[in-house]
Amino acid sequence: RRVGTENPIMFTSIAKSIFGDSNERVIKKFQPLVEQINSLEPEIEALDRDGIVAVSNELQERAKSGEDLEALLPEAFALVREAAKRTLGQRHFDVQLMGGITLHQGRIAEMRTGEGKTLVATLAAYLNALSGKGVHVVTVNDYLASRDSRWMGEIYTYLGLTVGCIVSQMSDDDRKAAYGCDITYGTNNEYGFDYLRDNLKFALAEMVQRGHHFAIVDEVDSILIDEARTPLIISGPSETSVELYQQVNKLISDFDIEDYETDEKARSATLTEKGVETAEALFIQAGLMQSGTLYDSTNVNFLHHISQALRAHKMFAKDKHYMVKNDELLIIDEFTG
């Protein structure tokens with residue numbers, strides 16, 4: 001018999017009442033874990049500080065020997081809850097335990113302001129730090145990174161783990177020490193720039209970051225959507241002479257409009273097939289190229305210089321895209337002002 005679709009809303013509501021929505025189904029699966037964590041509370045409460053640290057050390061050994069973190073989760077969460085009670089006077093609610101499980105599984109836990117997301121993060125952070133590979137907690141500014149590392153750090157320290165914090169204006173030695181901790185707090189920008197700076201280092205010993213094992217992102221919508229629109233750009237002194245830029249710059253006026261294509265949105269300019277021929281002729285005439293084509297291994301570097309020169313001449317307008325102030329050229333960035 002054919003089922004009609006005249007009232008899809010009614011069908012959806014009936015389906016939800018029978019099967020529940022996807023979030024409800026996931027949460028129901030968490031309930032046995034929460035009950036298991038709660039059942040351990042009396043046993044953990046009876047331990048003194050040395051007993052707590054002993055259990056924590058045992059969990060670390062088990063994690064480092066390759067035991068699945070899922071098997072360690074109930075004990076780990078029970079330990080964190082007890083440490084929070086003793087250090088901060090705060091006890092994780094059952095729904096916060098569910099939030100911790102959600103974060104550990106790589107999902108997004110949506111929580112309103114005041115529902116204790118900072119406390120929830122300690123559960124997943126501690127569990128994933130047991131392997132000794134490090135956990136990054138990503139926040140939106142230096143103030144929150146400093147505050148949370150000190151505040152929640154009391155829990156981790158009580159359990160025998162080390163806590164670090166990355167903020168701006170830190171030396172490389174301090175950064176390396178912070179990254180070497182079991183749990184490291186910092187901002188998305190600092191983590192990103194440290195990664196870029198490490199890729200400019202000439203020796204492994206000079207790099208500040210270690211492996212990237214597990215991260216918890218606070219304000220995920222802000223960091224992965226809003227902030228992600230602003231590119232992280234790092235620069236250093238050029239190892240090549242700037243004279244070539246000046247030489248190429250003089251040749252740009254000899255290009256016709258048919259020699260290049262522009263993209264207003266990306267603010268870029270690229271050579272057409274005719275433009276490649278024009279460029280090769282101009283470069284040979286100017287003595288910059290001896291022979292061959294622009295795509296030969298010895299000449300391919302010229303493509304970058306041509307592209308940059310075309311962008312400067314054809315895509316950038318003075319006092320709109322850049323300005324000159326005190327004899328210095330400043331790019332106007334519409335993202336940051």
Side-chain angles (χ1 to χ4, degrees), residues 20 22-47 49-85 91-111 116-138 152-153 155-164 179-185 191 209-218 220 224:
S22 58
N23 283 336
E24 289 174 357
R25 291 196 296 273
V26 170
I27 290 169
K28 282 180 181 178
K29 291 180 182 178
F30 292 164
Q31 197 58 47
L33 269 178
V34 171
E35 291 172 2
Q36 195 175 349
I37 296 164
N38 289 338
S39 69
L40 294 170
E41 190 166 15
E43 179 185 335
I44 301 296
E45 276 181 329
L47 297 174
R49 168 73 191 283
D50 291 338
I52 292 281
V53 173
V55 175
S56 181
N57 289 338
E58 181 191 340
L59 290 179
Q60 291 180 65
E61 290 300 320
R62 288 165 63 186
K64 290 174 183 175
S65 66
E67 188 168 343
D68 192 351
L69 291 182
E70 297 294 331
L72 305 180
L73 189 150
E75 282 182 270
F77 278 32
L79 279 181
V80 174
R81 174 190 263 178
E82 186 60 28
K85 284 158 57 180
R91 179 184 179 275
H92 294 79
F93 293 105
D94 286 0
V95 289
Q96 291 177 316
L97 296 178
M98 292 180 181
I101 297 169
T102 301
L103 292 178
H104 166 64
Q105 294 182 350
R107 303 171 186 263
I108 295 174
E110 183 179 0
M111 302 180 68
K117 60 184 179 179
T118 308
L119 189 65
V120 167
T122 60
L123 297 161
Y126 172 75
L127 176 60
N128 286 275
L130 291 174
S131 62
K133 297 178 182 177
V135 168
H136 294 155
V137 182
V138 189
M152 299 297 124
I155 297 174
Y156 307 127
T157 303
Y158 192 89
L159 295 170
L161 298 188
T162 55
V163 188
Y179 281 118
C181 293
D182 294 307
I183 298 168
T184 306
Y185 283 79
Y191 288 135
Q209 289 189 347
R210 53 175 174 156
H212 304 102
H213 169 58
F214 185 86
I216 297 173
V217 183
D218 188 15
V220 67
L224 295 187

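Sequence positions, counted from 1, serve as the residue numbers for this chain.
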Chemist: When rounded to the nearest 0.5 angstrom, what is the spacing between SG in Cys181 and NE2 in His136?
Modeler: 10.0 Å

Chemist: Mind listing the closest non-hydrogen atom pair of Ala121 and Leu103 along with its distance?
Modeler: CA-CD1, 4.0 Å

Chemist: Hey, mind stepping through Thr102 and Val26 against side chain to side chain contact (heavy atoms under 4.5 Å, CB included) and telling me if it holds?
Modeler: CA-CA 9 Å; Thr102 301; Val26 170; 5.7 Å; no

Chemist: Please round to the nearest 0.5 Å and tell me the distance separating atom CG of Leu123 and atom CE of Met98.
Modeler: 12.5 Å

Chemist: Drop me the distance from Tyr179's OH to Gln209's CD, to the nearest 0.5 angstrom.
Modeler: 4.0 Å

Chemist: Could you tell me whether the side chain of Asn38 reaches within less than 4.5 Å of the side chain of Leu97, counting heavy atoms only?
Modeler: yes

Chemist: For the residue pair Tyr191 / Thr184, report whether a side-chain donor-acceptor contact shorter than 3.5 Å exists.
Modeler: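 On atom types as modelled, these side chains do not qualify, holding no pair under 3.5 Å.
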
Chemist: Rounded to the nearest 0.5 Å, what's the gap from CG on Leu127 to CG on Leu73? Could you check?
Modeler: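 Separation between the atoms: 5.0 Å.
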
Chemist: How long is the gap from CG on Asp182 to NZ on Lys133, to the nearest 0.5 Å?
Modeler: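 So the CG of Asp182 and the NZ of Lys133 are separated by 13.5 Å.
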
Chemist: Under a 4.5 Å cut-off applied to non-hydrogen side-chain atoms, are Gln60 and Leu161 in contact?
Modeler: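 Yes, their side chains come closer than 4.5 Å.
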
Chemist: Lys85: which residues meet the salt bridge (Lys or Arg N to Asp or Glu O under 4.0 Å) condition with it, sequence neighbours left out?
Modeler: Glu41, Glu45, Glu82

Chemist: Work out which heavy atom in Leu69 is nearest to a heavy atom in Ala63; give both atom names and the distance.
Modeler: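 Nearest pair, atom of Leu69 first, then Ala63: CD2-CB, 4.2 Å.
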
Chemist: With side chain to side chain contact (heavy atoms under 4.5 Å, CB included) as the criterion, how do Leu79 and Tyr126 come out once you've worked through the C-alpha distance, each side chain's angles and the decisive distance to 0.1 Å?
Modeler: CA-CA 9 Å; Leu79 279 181; Tyr126 172 75; 3.7 Å; yes

Chemist: State whether the number of non-hydrogen atoms from other residues, nucleotides or ligands found under 6.0 Å of Phe30 atom CZ is greater than 12.
Modeler: yes

Chemist: A side-chain contact here means heavy atoms from C-beta on lying under 4.5 Å apart; do Gln105 and Ile101 qualify?
Modeler: yes

Chemist: Check whether more than 12 heavy atoms from other residues, nucleotides or ligands sit under 6.0 Å from atom CG of Leu224, and answer yes or no.
Modeler: yes

Chemist: Looking at every heavy atom in both Leu40 and Ala78, which two are closest together, and how far apart are they?
Modeler: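 So the two residues come closest at CB-CB, 4.0 Å.
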
Chemist: Please work out which of the three classes, parallel, tilted or perpendicular, describes the rings of His104 and Phe214, given edges at 30° and 60°.
Modeler: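 Ring orientation, 0 to 90° scale: tilted.
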
Chemist: Minimum heavy-atom separation for Ala129 and Ile183, please, with both atom names.
Modeler: CB-CG1, 3.8 Å

Chemist: For Gly99 versus Ala109, what's the shortest heavy-atom pair and its separation?
Modeler: O-CB, 4.2 Å

Chemist: Between Tyr158 and Ser56, does a side chain to side chain donor-acceptor pair (under 3.5 Å) hold up when you go through it step by step?
Modeler: CA-CA 10 Å; Tyr158 192 89; Ser56 181; over 6 Å; no

Chemist: State, to 0.1 Å, how close Val163 and Gly153 come at their nearest heavy-atom pair, and which atoms those are.
Modeler: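 That closest heavy-atom pairing would be CG2-CA, 3.9 Å.
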
Chemist: Heavy-atom distance under 4.5 Å between the side chains of His92 and Ile37, does that happen here?
Modeler: no

Chemist: Test of understanding: with salt bridge (Lys or Arg N to Asp or Glu O under 4.0 Å), list the residues that count as partners of Glu110, not counting sequence neighbours.
Modeler: none

Chemist: Rounded to the nearest 0.5 Å, what's the gap from OG1 on Thr122 to CZ on Arg81? Could you check?
Modeler: 11.0 Å

Chemist: Quick one: list whatever passes salt bridge (Lys or Arg N to Asp or Glu O under 4.0 Å) with Asp218, sequence neighbours left out.
Modeler: Lys117

